[in-house]
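All remarks here apply to the structure that follows.
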Amino acid sequence: MSAPAAVLFDMDGTLVDTEVLWWETADEVAAGLGHRLTGADAPEVVGRAVADTAAHLIAVTGRAADALDGVAAELTASFFRKVDAGAPLRPGAAALLTALERSRVPFALVSASPRSVVDAVVAGSLAAAPFAFTLSADDTVRTKPHPDPYRAAATRFGVPASACVAVEDSPDGTASAHAAGCAVLVVPSLLPVEPARGRTFARSLEEVDLGVLSDCLRRPDPEIPGPKPA
């Protein structure tokens, strides 16, 4: 079975356990605006770009639109401080990246986080990972859930998006990769992701190897793991 031409990894919640840090950041900023986050806010926070979350906080707190830039800047600065203090890798992430490197399968990072945050994580928790390149929210006109980041990554590799496997954890990231034409391996974290054609599911990166990634390219229908055997 042919290996992927490239593997495109999401960062937050997929390779590093930063979704909880992002939620904490958004909750702190929201509290400063007089709002406490609940599960109803999750679709506008988890896996979303800074600008999207800032716009949501402005909307739910009734602040003027001209406060958007200030809220976005506060979110970015606070999240950066948390990430810079150390973001743990997700289980299985280091082993999978090492296996791809040994198999000479190229891989890149495709994130909806700002460049400052991506660079901090790559210099810290992911310092040992030889990414071909990294893409942040600042590197395309539109970020996730739009397909632009994954299309840009495939173009950088000089291959069709359909020859790439994207590894994602969130609904927005999955939608981005799916719309770009990538096969998608979904390892959900905080929010469930809907099954769809071209999406394969795993419980953890610990279950993923090159064979699983290669199989994603030829599986037209979603495969959802059932209960683990006793």
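One is the number of the first residue; the rest follow in order along the sequence.
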Set of residues satisfying side-chain hydrogen bond (donor to acceptor under 3.5 Å, both in side chains) with respect to [X], sequence neighbours excluded:
X	value
Ser125	none
Asp27	Arg36
Thr61	none
Thr18	Asp12

Run the numbers on Leu213 and Val167 for side-chain contact (heavy atoms from CB on, under 4.5 Å), then give the verdict. CA-CA 9 Å; Leu213 293 169; Val167 185; 4.1 Å; yes
Same cluster or not: are [X] and [Y] linked, directly or through other Ile, Leu, Val, Met, Phe, Trp or Tyr residues, by side-chain heavy atoms under 4.5 angstrom apart?
X	Y	result
Val187	Val212	yes
Val159	Val7	no
Val193	Val20	no
Val117	Val110	no

Shortest non-hydrogen contact from [X] to [Y]?
X	Y	value
Asp10	Leu15	O-CG, 3.6 Å
Ala202	Pro188	O-CD, 3.6 Å
Ser214	Pro4	OG-CD, 3.6 Å
Pro91	Leu205	O-CB, 3.4 Å
Ala26	Val45	CB-CG1, 3.8 Å
Leu89	Ala94	CD1-CB, 4.0 Å

Is there a donor-acceptor contact under 3.5 Å from the side chain of [X] to the main chain of [Y]?
X	Y	answer
Ser176	His146	yes
Ser170	Gly173	yes
Glu101	Leu97	no

Rounded to the nearest 0.5 Å, how far apart are [atom1] of [X] and [atom2] of [Y]?
X	Y	atom1	atom2	value
Leu109	Met11	CG	CE	6.0 Å
Arg48	Ser113	CZ	OG	13.0 Å
Glu44	Asp52	CD	CG	7.5 Å
Thr140	Leu135	OG1	CG	7.0 Å
Phe9	Leu185	CZ	CG	8.5 Å
Asp169	Thr14	CG	OG1	3.5 Å

Just jot down the side chain to side chain contact (heavy atoms under 4.5 Å, CB included) partners of [X], sequence neighbours excluded, or say none.
X	value
Asp119	Arg115
Pro160	Ser162, Ala163
Ala183	Val165, Cys216, Leu217

Step-by-step side-chain contact (heavy atoms from CB on, under 4.5 Å) determination, Leu210 to Leu100: CA-CA 7 Å; Leu210 183 54; Leu100 291 177; 4.0 Å; yes
Does the side chain of Lys144 reach to within under 4.5 Å of the side chain of Tyr150, using non-hydrogen atoms?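 Lys144 reaches Tyr150 side chain to side chain.
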Is Thr76 close to Ser116 at the side-chain level, that is, under 4.5 Å between some pair of heavy atoms?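 Of all side-chain heavy-atom pairs linking Thr76 with Ser116, at least one is under 4.5 Å.
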May I have all residue pairs that pass ring pair (Phe, Tyr, Trp, His ring centres under 6.0 Å) and include part of residues 15-48, sequence neighbours excluded?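 Applying ring pair (Phe, Tyr, Trp, His ring centres under 6.0 Å) to every pair that reaches into residues 15-48, excluding sequence neighbours, yields Trp22-Phe79.
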Residue pairs fulfilling ring pair (Phe, Tyr, Trp, His ring centres under 6.0 Å) with at least one residue in residues 95-115, sequence neighbours excluded: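 Output for this query lists Phe107-Phe131.
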Pairs touching residues 78-98 that satisfy salt bridge (Lys or Arg N to Asp or Glu O under 4.0 Å), sequence neighbours left out: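 Residue pairs with at least one partner in residues 78-98: Asp17-Arg90, Glu28-Lys82.
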Give me each pair satisfying salt bridge (Lys or Arg N to Asp or Glu O under 4.0 Å) with a member in residues 54-69, each pair once, sequence neighbours excluded.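 Passing the test, one end in residues 54-69: no pairs.
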Checking side-chain contact (heavy atoms from CB on, under 4.5 Å) for the pair Leu37/Leu57: CA distance, chi angles, key distance, verdict? CA-CA 9 Å; Leu37 294 187; Leu57 296 183; 4.1 Å; yes
side-chain contact (heavy atoms from CB on, under 4.5 Å), that's the test. Do Arg199 and Thr174 meet it? Break it down for me. CA-CA 8 Å; Arg199 300 177 183 179; Thr174 299; 3.4 Å; yes
Residues forming a ring-ring contact (aromatic ring centres under 6.0 Å, His included) with Phe157, sequence neighbours excluded: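 Result, ring-ring contact (aromatic ring centres under 6.0 Å, His included) vs Phe157: Phe133.
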